[in-house]
Amino acid sequence: MSHDPHATMNKLVYMANQIGKFFVSQPRGHAMPGIAKHIRDFWDPRMRAQMEDHIAEGGAGLDPIVLEALKTLPPVSRADIPVAHPTLEHH
C-alpha cells in the first residue's frame, strides 16, 4: 500500500475545515478557541505536526478562521512523535 502525503494533507485540511464549520455558528470569540481546543484535545501529535508544517508552507486550503485558530496552538513536541518504520515483507 502506498502512502500519499498530499492526500493525507488534503484529508487533514478537510477535517480541520469541518471542525471550523461546526464552530462557525458561534460568536467569533467562542469559535476560534473551540476549534483550537478540539484539535488540541482530539488530534494526535503526528496529525498536529503535519498541520504545523502545512501552515509554515502557507496553509493552503484552510478556512481563515481555522488557520487563525491553529496558529494559537502551542507547537507539538516533535521528540515525542514515534518514527514510523517500514515493515519488512517475508516471502
Side-chain angles (χ1 to χ4, degrees):
M1 173 181 270
S2 66
H3 173 70
D4 182 356
H6 184 70
T8 300
M9 195 69 254
N10 286 343
K11 180 71 173 174
L12 291 177
V13 167
Y14 174 80
M15 290 168 51
N17 286 338
Q18 288 299 109
I19 293 164
K21 284 177 181 34
F22 174 80
F23 286 99
V24 78
S25 64
Q26 299 183 13
R28 189 171 186 87
H30 295 263
M32 281 186 44
I35 294 165
K37 180 179 182 340
H38 182 89
I39 289 173
R40 185 186 67 237
D41 291 350
F42 295 105
W43 282 28
D44 73 39
R46 202 170 312 158
M47 294 166 66
R48 287 193 44 215
Q50 289 174 327
M51 186 57 76
E52 286 175 4
D53 294 344
H54 182 67
I55 290 169
E57 295 171 1
L62 289 169
D63 292 339
I65 193 167
V66 173
L67 180 59
E68 288 179 51
L70 288 167
K71 287 181 176 181
T72 68
L73 292 173
V76 173
S77 172
R78 308 282 173 127
D80 296 335
I81 300 173
V83 176
H85 297 284
T87 59
L88 299 175
E89 292 185 25
H90 296 278
H91 296 272

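Hydrogens, waters and symmetry mates play no part in the numbers below; they use all other heavy atoms, side chains included.
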Rounded distance (nearest 0.5 Å) linking atom CG of Leu70 with atom CD1 of Ile39: 4.5 Å
His54 and Leu12, any side-chain heavy atoms less than 4.5 Å apart: no
Closest non-hydrogen atom pair between Ala36 and Ala69, with its separation: CB-O, 3.7 Å
Heavy-atom closest pair, residues Leu62 and Ala16: CD2-CB, 4.0 Å
Point-to-point distance, once rounded to the nearest 0.5 Å, from CE of Met51 to NZ of Lys71: 12.5 Å
Side-chain donor/acceptor of Asp63 to backbone N/O of Ile65, under 3.5 Å: no
Qualifying residue for side-chain contact (heavy atoms from CB on, under 4.5 Å) with Phe23, from His38, Lys37, His30: His38
Single-linkage hydrophobic cluster, 4.5 Å side-chain cutoff, Ile35 and Val24 together: no
Check: Ile19 and Trp43 side chains under 4.5 Å, non-hydrogen atoms: yes
Contact check, side chains of Asp53 and Met9, non-hydrogen atoms, under 4.5 Å: no
Shortest non-hydrogen contact between Gln26 and Ala31, atoms and distance: O-CB, 4.1 Å
Atom pair CG (Leu73) and CZ (Arg48), whose distance is rounded to the nearest 0.5 Å: 5.0 Å
Point-to-point distance, once rounded to the nearest 0.5 Å, from CG of Asp44 to CD of Gln50: 8.0 Å
